[in-house]
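Below is one structure, written out as structure tokens; the observations come after it.
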Amino acid sequence: MPRTTSKPRSPSDTPSPASRLDAQDAAAKNKPLVDDIRLLGRILGDVIREQEGKEAFELIERVRQLSVAYRLKKDASAGRVLDRLLKNLSGDQTVSVIRAFSYFSHLANIAEDRHHVRRRLHHEREGHLQEGSLAMSFERLHKADIRAADVAQTLQHAYIAPVLTAHPTEVQRKSILDAERAIAELVGQRDELHTERERRENEDLLRARVTQLWQTRMLRYTKLTVADEIENALSYYQSTFLRQIPKLYREIEESLKGHEVPSFLRMGNWIGGDRDGNPNVSAETLKRALARQSEMALRFYLTEVHELGAELSTSNMLAPVTPAMHALAEASPDRNPHREDEPYRRALIGVYSRLAATLQELTGTEALRHAVAPQKPYRGPEEFLADLQVVADSLRSHHAQALIGPRLAPLQRAVQVFGFHLATVDLRQSSDKHEAVVAELLKVARIEPDYNALDEGARRALLLQLLNDARPLRVRGAAYSELAQGELAIFETAVEMLALYGREALRHYIISHTEDVSDLLEVLLLQKESGLLTGTLDDGATNALIVVPLFETIGDLRNASEIMRKFYALPGITELVKRSGGEQDIMLGYSDSNKDGGFFTSNWELYRAELALVSVFEPLSQDPGITLRLFHGRGGTVGRGGGPSYQAILAQPPGTVKGQIRLTEQGEVIGSKYANPEIGRRNLETLVAATLEATLLHPTKSAPKAFLEAAAAISDASYAAYRALVYETNGFTDYFFSATPIREIAELNIGSRPASRKATRAIEDLRAIPWGFSWGQCRVALPGWCGFGSAIEQYLGSGAERKTKLELLQRMHRQWPFFRTLLSNLDMVLAKSDLRIAARYVELVEDKRLGKRIFAAIRAEWERTQAALSLITGESERLQSNPALARSIEHRFPYLDPLNHLQVELMRRYRQRKEGDPANERVQRGIHISINGIAAGLRNTG
């Protein structure tokens with residue numbers, strides 16, 4: 001099975017001595033990666049030969065050889081032979097080949113992840129600082145004369161939160177993810193093995209896990225439920241977050257030379273609370289999400305307390321304890337005579353019994369071990385922390401501080417970060433649903449018969465009046481609609497959950513499609529109706545949940561600052577927010593703004609909206625003021641706001657971070673970032689490092705006026721070009737539904753929500769995620785580049801000013817982080833796109849003339865974008881400045897190409913199927929496995 005091959009050089013390409021040395025150095029650095037890929041490929045090949053037979057293996061190997069020859073050696077005849085071979089495969093052969101290449105993509109990802117860890121450790125041992133690391137950031141802060149105390153002071157007021165969402169692009173089953181984690185651990189162990197016997201045993205275990213993968217069903221046969229999504233998300237806490245976040249805090253405090261820092265880095269979740277477009281999320285799923293989160297946290301603490309008790313075997317005959325420690329031991333119900341002189345063990349058995357009782361009370365489940373019966377549950381994590389602090393103080397006071405670091409200190413930090421709730425669950429719903437519920441409440445209460453007919457001014461006046469009325473709206477015994485009952489149940493459940501799990505369990509209520517001030521007031525009114533808002537606006541009201549507007553479309557982003565200005569101008573609102581904690585989160589939607597206006601315009605309007613919002617909150621931030629926190633709804637692909645987080649945060653407009661940032665982590669990107677614990681910590685470290693740099697080192701001056709004017713002009717032209725192609729080209733929707741696997745993706749069981757908000761084929765109604773996912777699958781990646789080429793062509797023109805304008809764009813690329821990051825992401829998208837592959841999907845369009853016409857328009861824009869990017873950056877080849885990613889892509893594509901070719905062939909067969917044909921299920925399965933494999937191979941497709 002798969003072997004890596006180097007691209008051959010012709011005699012005329014003979015490199016210079018210096019470039020030969022660079023190539024040799026790169027080859028030496030990458031040899032362990034190549035070795036791992038070859039090993040995993042060989043094992044996979046052996047498993048295929050064993051499981052499927054020699055004939056199947058030889059077919060797969062033949063496909064691999066032809067694909068490598070076509071892709072890397074530019075052998076056109078190999079391409080023709082490959083094409084004929086793939087078209088003539090039987091259904092069973094097709095599925096077998098697709099499975100082989102899909103699993104190889106997964107295994108190559110594991111090898112690459114391990115190599116990233118390996119190279120990072122090498123750099124750390126050599127004392128080399130890496131971009132995005134805390135060490136590099138602290139070095140830069142030091143050079144800028146920013147002291148450790150200043151950094152610690154900044155972190156006192158910081159809030160950083162990656163938020164896991166359940167958006168449907170994660171195509172992996174948990175069983176597959178678990179097997180891959182096991183393989184990753186085994187690959188990671190190989191660098192530490194020294195004998196042939198150890199390596200052989202390791203290889204045997206790898207073979208077992210690869211066999212497990214091959215015999216495990218890759219696809220779900222039933223629709224993913226919200227409960228499944230909750231469990232999938234929790235697996236990342238178990239593997240990464242619960243242990244790695246405390247390690248990261250320790251690293252930060254060591255870098256700050258002992259300055260203590262608060263728990264500013266926390267986790268957020270949407271799963272179980274995000275109702276926008278998902279009818280499967282309810283009050284019950286919210287309860288389930290929080291109960292399972294609490295159970296995960298408490299079971300982790302129980303295990304750590306149990307292990308801590310085993311470690312702290314100190315006898316009071318040999319080392320005294322503090323009076324507080326003695327009292328804690330005496331309060332324990334443990335009376336075992338064998339532990340009479342072991343106060344720490346006795347105390348921790350008591351702590352364990354209280355945690356077990358807490359688990360029982362909060363989740364209804366039982367602890368696994370019971371030295372004594374559960375009793376006296378903790379009233380909150382603060383009580384548990386206080387007991388752990390007693391233990392730490394006693395150890396420290398009697399020269400046993402060495403026993404704190406390994407387990408007790410990380411446990412203390414974990415409790416500070418995760419509490420009894422694990423992660424903050426965001427609630428989210430669309431503004432039109434709130435409007436409908438408020439309209440129904442007002443009509444039944446005979447206050448306003450037709451709220452929907454009121455203009456914005458009348459709505460605001462009425463809502464403010466009701467927020468100043470202490471009486472509830474609901475009429476006892478009245479029959480409310482299912483929608484109203486369900487929405488009100490969410491708010492009422494939030495009251496219960498906050499009482500059970502604490503203030504951090506629920507903090508944010510996000511309003512999708514926020515289009516005016518009344519959208520915010522309606523949610524405040526619904527909080528009042530359920531008891532989350534107490535008092536009245538004119539008499540000391542406070543509300544439990546931060547009302548978070550989500551501005552998504554281009555129009556929404558342009559109106560964002562004015563909406564917030566008008567909201568805070570209303571009587572009582574500023575005081576309400578200050579009394580309720582003084583925090584205002586505002587969410588910015590990357591995906592929908594991209595689908596609405598294209599790649600460049602989306603980024604530019606986000607940039608402008610952020611600056612405008614900062615200007616609104618500047619006067620509101622005076623002490624005691626209101627803290628603005630921007631919540632970035634980033635996706636996996638560049639077209640959905642993805643790309644490297646470090647550069648993205650540094651590219652934020654001046655004054656928009658200030659130690660405050662939330663950002664979404666979505667779909668399969670969660671797995672690629674956080675499935676491996678060490679890579680997970682590295683990604684979290686990057687968020688912290690970038691936030692510190694953006695806060696303390698970021699220039700406070702705005703970009704030069706010439707830069708801003710050029711970006712605005714490019715945005716206008718890009719918006720027009722994108723809209724002209726996507727929304728104004730006759731037949732474009734038909735083309736999209738035919739030449740991409742959007743229909744097949746909609747059938748995949750990869751999420752609990754539907755692919756479209758409404759039962760139409762309109763692109764406006766399609767969710768941004770399947771929109772971007774579909775374009776990525778067929779290797780067009782249109783949302784990540786469309787419109788840019790035409791815009792640059794129009795901006796430069798052909799007149800006398802062309803040279804001056806080009807020099808300006810080149811200066812923007814060198815000097816402006818926003819523009820540089822945007823072009824870097826564009827470079828990556830173009831490198832991962834492939835119009836030769838995309839042309840195969842055009843064959844699926846029934847109207848051949850339509851297919852050729854629209855694909856010609858797409859190709860022309862793609863070529864314009866390629867040319868524009870090269871013109872500005874001076875780089876003729878894609879990823880010229882990122883050779884590591886370029887090499888990765890070069891070696892991946894020969895294994896992705898067959899998946900795309902077979903996907904097209906199976907889509908053709910599936911769309912021409914006859915009802916009742918038993919082969920239909922196998923063809924559909926093959927398509928879905930190919931979607932999985934391509935997603936894995938491209939890594940950020942959703």
Side-chain angles (χ1 to χ4, degrees), residues 242-243 245-247 249-254 256-263 297-362 367-420 502:
L242 282 162
R243 295 193 185 278
I245 287 180
K247 288 181 182 178
Y249 275 105
R250 184 180 64 197
E251 186 180 342
I252 293 168
E253 291 188 331
E254 286 172 355
L256 293 177
K257 299 178 174 55
H259 285 280
E260 291 188 11
V261 297
S263 297
L298 288 166
R299 288 194 185 279
F300 175 76
Y301 302 153
L302 284 162
T303 299
E304 292 302 290
V305 167
H306 174 75
E307 297 295 335
L308 191 61
E311 293 168 5
L312 298 186
S313 53
T314 304
S315 168
N316 58 17
M317 297 177 185
L318 300 172
V321 298
T322 61
M325 184 65 230
H326 176 74
L328 188 62
E330 287 299 303
S332 171
D334 178 34
R335 294 292 178 262
N336 190 312
H338 296 299
R339 291 188 287 268
E340 192 174 344
D341 68 323
E342 297 174 341
Y344 292 104
R345 282 184 166 172
R346 288 171 54 212
L348 289 168
I349 285 171
V351 168
Y352 188 99
S353 74
R354 295 194 67 184
L355 275 177
T358 309
L359 177 72
Q360 202 170 50
E361 182 176 79
L362 294 184
L368 297 177
R369 311 174 184 88
H370 291 297
V372 296
Q375 51 196 285
K376 196 184 176 185
Y378 285 113
R379 286 176 294 181
E382 297 77 17
E383 277 194 357
F384 176 35
L385 263 177
D387 283 352
L388 294 179
Q389 191 60 47
V390 168
V391 175
D393 290 343
S394 181
L395 289 170
R396 195 173 285 111
S397 69
H398 295 102
H399 312 294
Q401 54 265 38
L403 293 170
I404 298 173
R407 194 179 302 274
L408 179 54
L411 174 59
Q412 288 176 287
R413 179 62 79 175
V415 179
Q416 291 169 2
V417 172
F418 301 107
F420 289 166

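- Heavy atoms of other residues, nucleotides or ligands lying less than 6.0 angstrom from CZ of Arg379 number 12 at most.
- Screening residues 323-335 for side chain to side chain donor-acceptor pair (under 3.5 Å) gives Glu330-Arg346, Asp334-Arg339 as the qualifying pairs, with residues at least two apart or on separate chains.
- Looking only at side-chain heavy atoms (C-beta outward), Leu308 and Val351 stay at 4.5 Å or farther from each other.
- At distances below 3.5 Å, at least one donor-acceptor pair connects side-chain atoms of Thr358 with backbone N or O atoms of Tyr378.
- Listed here is the closest heavy atom pair of Tyr301 and Leu355: CB-CD1, 3.9 Å.
- Side-chain contact between Leu368 and Leu302: absent, with no pair of heavy atoms (C-beta onward) separated by less than 4.5 Å.
- Note: His370 and Tyr352 have perpendicular aromatic rings, judged against thresholds of 30 and 60 degrees for the angle between ring planes.
- Ser397 and Thr322 make their closest contact through OG-CG2, 3.2 Å (heavy atoms, listed as atom of the first residue, atom of the second, distance).
- Of all the heavy atoms in Ala373 and Ser353, the pair that sits closest is O-CB, 3.6 Å.
- Here the straight-line distance linking atom CG of Leu312 with atom CD of Glu307 works out to 11.5 Å at 0.5 Å rounding.
- Counting only heavy atoms from C-beta outward, the side chains of His398 and Thr314 never approach each other to under 4.5 Å.
- Contact detail for Gly405 and Pro410: the closest heavy-atom pair is O-CD, 3.2 Å.
- For the atom pair CG (Leu385) and CG (Leu411), the distance works out to 8.0 Å, reported to the nearest 0.5 Å.
- With rounding to the nearest 0.5 Å, the separation of CZ in Arg407 from CD in Gln412 is 13.5 Å.
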- Quick one: do Glu311 and Leu403 satisfy side-chain contact (heavy atoms from CB on, under 4.5 Å)? Show the steps, please. CA-CA 8 Å; Glu311 293 168 5; Leu403 293 170; 5.9 Å; no
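- The local environment of CD in Glu340 is sparse, with at most 12 non-hydrogen atoms from other residues, nucleotides or ligands closer than 6.0 Å.
- Between His338 and Arg345, every side-chain heavy-atom pair lies at or beyond the 4.5 Å cut-off.
- Ion pairing between a basic and an acidic side chain is recognised when a charged N comes within 4.0 Å of a carboxylate O; Glu253 and Arg413 show such pairing.
- A pairwise comparison of heavy atoms in Leu298 and Leu359 identifies CD1-CA, 3.7 Å as the closest pair.
- Taking CG from Asp387 and CZ from Phe384, the interatomic distance works out to 8.0 Å, rounded to the nearest 0.5 Å.
- With rounding to the nearest 0.5 angstrom, the CG atom of Leu408 is 10.5 Å from the CD atom of Glu304.
- Nearest heavy atoms, Tyr344 versus Ser394: OH-OG, 2.7 Å.
- Remark: Ile404 CD1 to Leu388 CG distance equals 11.5 Å, nearest 0.5 Å.
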